[in-house]
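The structure appears right after this line, and notes come after that.
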Amino acid sequence: MATETSVNERPYINITNLIWSFDHDSNCVNLLLVKRSEWPFENRWALPETFLRSNEDADESALRLVKEKIGLELADFHTEQLATFTHQTRYPGSRSLSLSYMTFLPDMPKLDPGYGTTDARWFAMSFNESQYLFSNGDQQFATAADTNHDEYYAKLDANQIADNQLAFDHSWILKVACDRIKNKLDYQPNILLMLGTSFTLKSARRVYAAFLKKDVNQIDNSNFKKNHKHLFVEVGITTSNRPGRPARKYQLAYLPA
């Protein structure tokens, strides 16, 4: 039976940041993961987190986390709030709420593990029929396989989460993030911010293909341009020494110029 103290216990509030980028050499979507150095889940891979400070709002905390982990200062339109995760079993030993954000990083700088971590790496995104996968060398992690919120957290509470899933409930948070990005591709594809200040339609199609679980060649370029012309504004052409017509460059039409 819960005591008055435990019922009224003030929960921890942390910021979980899903930091996305794009590797232009491998043409792969990438996600930043860190290896924890402290309890709980010591030596397990996780999404970057920080505690919310009393003198900042959640948006400021998410941007601070990017600065501390990567050393970059970003405009606020590079970050959007994803959701709040409050399940009682998400953090062992105490009550913790997570305000989760997604950050779309326009480059892939060298990573330097910050406080509370021993390693930080970019993990390339792929997929199978039921999950999104994230790999770096022999390390691979998957989004939650469960489609039911309660079933996932019941397994988490019973310590039955698979070894290829992240610490805490981060595999569930990552699943929610991937689904959110997929569902917004046709009206607010902020994920394309990770391509930089401008992008070609081919690069955009590669990002769409990753979240739609398709080969990029399954997305016809002409239809793609026609169906998304309300989202993109042309800003110039690429400079290349290759023969043939240079590719056109675009920006997201609904963002500040």
Side-chain angles (χ1 to χ4, degrees), residues 17-33 47-48 59 62-82 101-112 120-127 132 134-136 174 177-178 180-212 214-217 219 221 224-242 244-257:
N17 202 335
L18 295 94
I19 302 173
W20 301 93
S21 195
F22 189 81
D23 188 334
H24 291 275
D25 293 327
S26 64
N27 293 317
C28 284
V29 175
N30 276 254
L31 177 74
L32 176 61
L33 297 177
L47 297 166
D59 290 20
L63 291 171
R64 172 176 59 80
L65 181 53
V66 174
K67 183 176 180 180
E68 289 178 350
K69 296 295 183 185
I70 304 178
L72 289 181
E73 294 194 41
L74 297 176
D76 56 6
F77 64 77
H78 281 275
T79 295
E80 69 175 59
Q81 189 168 6
L82 173 63
Y101 281 76
M102 295 192 293
T103 297
F104 311 112
L105 206 63
D107 52 30
M108 293 180 65
K110 183 179 178 181
L111 300 175
D112 183 17
R121 299 184 194 177
W122 293 107
F123 283 70
M125 180 178 175
S126 59
F127 54 84
Y132 294 97
F134 296 86
S135 305
N136 182 306
L174 184 52
C178 290
R180 170 74 62 82
I181 292 169
K182 176 184 176 181
N183 292 335
K184 292 177 66 175
L185 288 177
D186 289 336
Y187 70 93
Q188 195 179 51
N190 290 344
I191 187 68
L192 295 183
L193 286 168
M194 67 181 178
L195 295 177
T197 56
S198 62
F199 52 84
T200 64
L201 291 183
K202 188 170 186 178
S203 292
R205 284 165 48 224
R206 286 181 172 130
V207 174
Y208 274 61
F211 287 95
L212 294 172
K214 293 183 176 181
D215 185 278
V216 66
N217 295 317
I219 303 177
N221 190 66
F224 181 78
K225 181 178 180 181
K226 178 181 177 181
N227 294 335
H228 298 87
K229 61 183 180 181
H230 61 294
L231 297 173
F232 306 152
V233 57
E234 188 176 336
V235 293
I237 59 173
T238 59
T239 56
S240 175
N241 295 324
R242 296 180 179 179
R245 180 183 300 177
R248 290 181 170 87
K249 296 192 297 183
Y250 297 84
Q251 289 180 344
L252 293 174
Y254 57 85
L255 292 181

Within this structure, what is the [atom1]-[atom2] distance for the pair [X] and [Y], rounded to the nearest 0.5 Å?
| X | Y | atom1 | atom2 | answer |
| --- | --- | --- | --- | --- |
| L192 | I181 | CG | CD1 | 10.0 Å |
| L31 | M194 | CG | CE | 10.0 Å |
| I19 | F104 | CD1 | CZ | 11.5 Å |
| I191 | M102 | CD1 | CE | 7.0 Å |
| E80 | L18 | CD | CG | 10.5 Å |
| K225 | F232 | NZ | CZ | 11.0 Å |

If you compare all heavy atoms of [X] against all heavy atoms of [Y], which two are closest, and at what distance to 0.1 Å?
| X | Y | answer |
| --- | --- | --- |
| C28 | A124 | CB-CB, 4.3 Å |
| Q81 | R180 | O-NH1, 3.9 Å |
| L252 | N190 | CD1-CA, 4.3 Å |
| L105 | P109 | CD2-CD, 3.9 Å |
| D215 | A209 | C-CB, 4.1 Å |
| Y101 | T79 | CD2-CG2, 3.4 Å |

Main-chain N/O of [Y] paired with [X] side-chain donor or acceptor, under 3.5 Å:
| X | Y | result |
| --- | --- | --- |
| N17 | P48 | no |
| S21 | D107 | yes |
| R205 | F224 | no |
| H78 | T103 | no |
| N136 | W122 | yes |

Is it the case that the side chains of D186 and Y208 hold a donor-acceptor pair, with the cut-off being a distance below 3.5 Å and no angle test?
no

Applying side-chain contact (heavy atoms from CB on, under 4.5 Å), run through L255 and L193 and close with a yes or a no.
CA-CA 10 Å; L255 292 181; L193 286 168; 3.4 Å; yes

Counting C-beta onward and ignoring hydrogens, is there a side-chain heavy-atom pair between [X] and [Y] closer than 4.5 Å?
| X | Y | value |
| --- | --- | --- |
| H24 | L195 | yes |
| Y254 | P189 | yes |
| Y250 | L231 | no |
| L212 | I219 | yes |
| F134 | C178 | yes |

Is it true that Y132 and W20 have ring centroids separated by less than 6.0 Å?
no

Identified side chain to side chain donor-acceptor pair (under 3.5 Å) counterpart of E234 within the set K229, R248, K249:
R248

